[in-house]
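Below, chains carry the letters A, B, ... as their sequence lines are ordered, and counting in each starts from 1. These values consider heavy atoms only, across backbone and side chains, with no hydrogens, waters or symmetry-generated copies.
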Number of protein chains: 2
Amino acid sequence: MPASIEDVARLANVSISTVSRVINRRALVNEETCKRVEAAIRELSYRPNAFARGLMLRKSGIVGLVLPDLHGEFYSEIIRGANVQAREMGHNLLISSAMPGDDAESWLSAIGQHALVDGLAMMVSDTMVAGVGPTLAQLNVPIVVLDDEIEGVEHDAVIIDQQQGAQAMMDHLLKDCGAKRVFFVGGLETNIDTQARYKVYKDSLKNAGLKFHKEDVYHLDFTYESAYRLALDTVKSWAGPQHFVFAANDEMAAGIIAGANAKSVEVPKELAVVGFDDTRVAQMIQPPLTTVHVPMSKMGATAIELLCRRIAEPERAPQKVSLEAELVVRSSCGCGGKKD
Amino acid sequence: MPASIEDVARLANVSISTVSRVINRRALVNEETCKRVEAAIRELSYRPNAFARGLMLRKSGIVGLVLPDLHGEFYSEIIRGANVQAREMGHNLLISSAMPGDDAESWLSAIGQHALVDGLAMMVSDTMVAGVGPTLAQLNVPIVVLDDEIEGVEHDAVIIDQQQGAQAMMDHLLKDCGAKRVFFVGGLETNIDTQARYKVYKDSLKNAGLKFHKEDVYHLDFTYESAYRLALDTVKSWAGPQHFVFAANDEMAAGIIAGANAKSVEVPKELAVVGFDDTRVAQMIQPPLTTVHVPMSKMGATAIELLCRRIAEPERAPQKVSLEAELVVRSSCGCGGKKD
DNA sequence: ACTCAGCCTGAAACCGCTTCCCAAACGATA
DNA sequence: TATCGTTTGGGAAGCGGTTTCAGGCTGAGT
């Protein structure tokens, strides 16, 4: 069993109070005593018991990050940003995700049971957002919600302004690239991201004086494969001067480009293709993808930052931070990089 | 402040011992009393204080996962596997990674300070593996090491048999595909993965009676871009009947294929390209990549499984689990999928 | 010499929970 | 009725820290 504060005290020939004072530097301690205690600590390679400490301090130095899923580059980027920020602020990161089949209750209990997080940063799936409020409130710790809001609990939030990102993309296509016709390839119709991007697409078309064709809109499932298959069928009919495909994520854009290659439709010359998200693949295909950078890593970092701030200062008013999604112009839109 | 066990006891009109017994179901409690206590718990929405509990039980239900970095699909896959397994075994996952500039000491202290993990699963970078042993031993918790071994501490380990994966690939190229010449594009010469794969490449060539040309070997930095640039220069000279490129990871393989496309060298007809790792891009390029699947997610899961087992049973003999890397035949090797 | 700050140090309470040890209550048996 | 075993519930001792409070020692002021 590891050494306790009492062992240190005995070895240094002082009381445990003094040892505690040396460790926490909260009160005056004679310099020589201090040295003796520190020597004893080293000698026994003593480290304070985190439970006992937490019991008094009511703080663990751990913040939780709860995600709906761990698949995909998104979540790993969030985790990465969160981890960096957490360490910067002297906290550790507890990670959990919902499992298929979890309901809100059992999902949260996984973290809640071990009620030793000082705060929780969480992203909820569309299907769960409704039920979690009350349970969350019981947890009685600061909450930061990622890219959403939750009813029934006070919480900080960090959201990504996708609207504006999609708008920037459409503006770029219509104004800078001189698009004459734009096809839209979205994810599932029920997906809120798809919906947001679709709305911007439709409105922008109207504002630019272009006709909106219902048959120019497709709904797939966000995967490369689905887009590839679709492209094999239809890419020939899409091709044309100043014709564009706006895919709702990079994977689908990549699939479309691959399909176009297979059908000898040249991208971006005969058909330009743009994506969304700016995931790693965007740089790894030919031509490199014009897309919208969604700052997931920054979102993770910001969430943790808000959280730690709030832990330190519980009475602060709830805050909502909005992060910008930024247009990234590469070659797949064919405009050669002009941006304004 | 949240309700304590004493509040529950008072409300249920019993002693705290009884409440504790109800919670832990460790001793006989009259059924009616039990009901009363449970009602009180619900009423106060009481949850045991994790610190106090941990203090007695000397268990937090948290296991740590420490990685050298969080960039890239590898690590996110490890985390995913670990998370699933941890929840399965009723534990939570604390994640940390080394930061650029960390030395072994400060790196570990980030986790060590909050000495409340029940065990640690860790992957160490080449540069750190030397120094961590002693520090680790002081932590005095079960350790599982991923894909490596550490001197000076007793630990379980889970490793991936890359040797055998690379061998399977070379066998496939030489025997099934009838390769006449194979180029090797590795990562940095100092990287141990590259070294292992290179060795297999060289030996296999010899065993197959093919000449080994020093100038057929390239060392890049594992990135798409470096491989793309190289390919633009040299892909023409690589092309030839039954000529192959064995890239040490999928990203570089993707870069080479893109470069070949740009130079109108047809893959796999004029030049076949294979990769390693089986990351997501492998399925997202044309032609889909023949590669070696490295089971990162499974490695994470296995590590946590070993860890939890050992936490439950500290006296078990240290164990070393080896995971197989599996050949995945897609189209980029041009053999049409025959496997034996 | 006596008093009184001012600096250090130690004793002890407390955080919330588990668990050991006992006592009370109860029914069964002699 | 006395004795005994079996449930059932309570009291209290820790677990290893932090913090409050009181007091000892020192040196300066009178």
Side-chain angles (χ1 to χ4, degrees), chain A residues 1-41 44-62 112-118 139-141, chain B residues 1-41 44-62 112-118 139-141:
Chain A
M1 61 272 102
S4 81
I5 197 172
E6 209 181 327
D7 301 325
V8 176
R10 205 166 16 234
L11 182 60
N13 223 341
V14 295
S15 76
I16 57 168
S17 338
T18 304
V19 177
S20 175
R21 279 191 280 259
V22 170
I23 294 171
N24 299 301
R25 319 210 156 285
R26 282 182 123 46
L28 296 296
V29 176
N30 180 291
E31 190 168 340
E32 205 212 325
T33 319
C34 191
K35 287 239 164 74
R36 231 170 46 235
V37 171
E38 278 165 352
I41 288 179
L44 299 172
S45 61
Y46 163 75
R47 27 177 83 259
N49 179 305
F51 296 113
R53 195 165 232 226
L55 189 52
M56 280 304 296
L57 265 29
R58 327 194 81 60
K59 285 254 136 49
S60 62
I62 296 180
Q113 291 298 349
H114 308 87
L116 37 60
V117 293
D118 295 341
L139 245 42
N140 210 27
V141 294
Chain B
M1 63 269 106
S4 80
I5 196 171
E6 208 181 329
D7 302 324
V8 177
R10 208 171 9 246
L11 182 60
N13 222 343
V14 294
S15 77
I16 57 170
S17 338
T18 305
V19 177
S20 175
R21 276 186 215 112
V22 170
I23 293 170
N24 299 301
R25 319 210 157 283
R26 280 185 125 43
L28 298 292
V29 176
N30 180 292
E31 189 168 340
E32 203 212 326
T33 317
C34 191
K35 288 239 164 72
R36 230 170 45 234
V37 171
E38 279 164 352
I41 289 178
L44 299 171
S45 61
Y46 163 76
R47 27 178 80 260
N49 179 305
F51 297 113
R53 194 162 230 235
L55 190 52
M56 281 305 295
L57 266 28
R58 325 196 79 62
K59 285 252 136 50
S60 62
I62 296 180
Q113 291 298 348
H114 309 87
L116 37 60
V117 293
D118 294 340
L139 247 43
N140 210 25
V141 293

Student: To the nearest Å, give me how far apart CD (B/E6) and P (C/dC14) are.
Tutor: 11 Å
Student: Expressed as a whole number of angstroms, how long is the span from B/R53:CZ to C/dT18:C1'?
Tutor: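 Atom-to-atom, B/R53 to C/dT18, this comes out as 9 Å.
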Student: Determine whether A/V19 and A/E6 make a side-chain contact, defined as any pair of heavy atoms from C-beta on separated by less than 4.5 Å.
Tutor: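 No, every pair of side-chain atoms sits at 4.5 Å or beyond.
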Student: If every non-hydrogen atom of B/S20 is compared with every non-hydrogen atom of B/I5, which pair is closest and at what distance?
Tutor: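 Closest pair (atom of B/S20, atom of B/I5, distance): N-CD1, 3.9 Å.
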Student: If you take all heavy atoms of A/P2 and B/N140, which pair is closest and at what distance?
Tutor: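 Looks like CD-ND2, 4.3 Å.
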Student: Answer whether the closest heavy-atom distance between the side chains of A/I23 and A/I41 falls below 4.5 Å.
Tutor: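 Yes, their side chains come closer than 4.5 Å.
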Student: Nearest whole Å is fine: how far is C/dC17 P from A/N49 CG?
Tutor: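 From A/N49 CG to C/dC17 P: 16 Å.
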Student: Decide yes or no for A/I62 and B/L116: does some side-chain heavy atom of the first lie under 4.5 Å from some side-chain heavy atom of the second?
Tutor: yes
Student: If I take atom OH in residue B/Y46 and atom C1' in nucleotide C/dG16, what distance separates them, rounded to the nearest angstrom?
Tutor: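 That distance rounds to 7 Å.
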Student: Are B/L11 and B/Y46 close enough, and set up right, to give a side chain to side chain contact (heavy atoms under 4.5 Å, CB included), and what steps lead you there?
Tutor: CA-CA 12 Å; B/L11 182 60; B/Y46 163 76; over 6 Å; no
Student: Answer with base, sugar-phosphate or nothing: what part of the nucleic acid does B/I23 contact at a heavy-atom distance below 4.0 Å?
Tutor: nothing
Student: For the atom pair NZ (A/K35) and CG (A/N30), what is the distance rounded to the nearest 0.5 Å?
Tutor: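 Here the interatomic distance stands at 10.0 Å.
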Student: Calculate, to the nearest 0.5 Å, the distance between atoms CZ and OG belonging to B/R21 and B/S17 respectively.
Tutor: 5.0 Å
Student: Grab the CD-P distance between B/E32 and C/dA25 for me, whole Å please.
Tutor: 17 Å
Student: Let me know, please, whether B/V29 or B/M56 comes out on the 5' side of the other along DNA chain D by nearest nucleotide.
Tutor: B/V29
Student: Scan side-chain atoms only and decide if A/N24 and A/R53 contain a donor-acceptor pair under the 3.5 Å cut-off.
Tutor: yes
Student: Give me the residues of residues 11-21 of chain A where at least one heavy atom lies under 4.0 Å from an atom of DNA chain C, by number, or none.
Tutor: A/V14, A/S15, A/S17, A/T18, A/R21
Student: Anything under 4.0 Å to a heavy atom of chain B counts; send over the first and last such nucleotide of DNA chain D, read 5' to 3'.
Tutor: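 The contact span of chain B on DNA chain D goes from D/dT8 to D/dG16.
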Student: Could you give the NZ-to-C1' distance, from B/K59 to C/dG16, as a whole number of Å?
Tutor: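 B/K59 atom NZ is separated from C/dG16 atom C1' by 20 Å.
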Student: Would you kindly give the CG-to-C1' distance between B/N30 and C/dA24, to the nearest whole Å?
Tutor: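 Roughly 15 Å, once rounded to whole Å.
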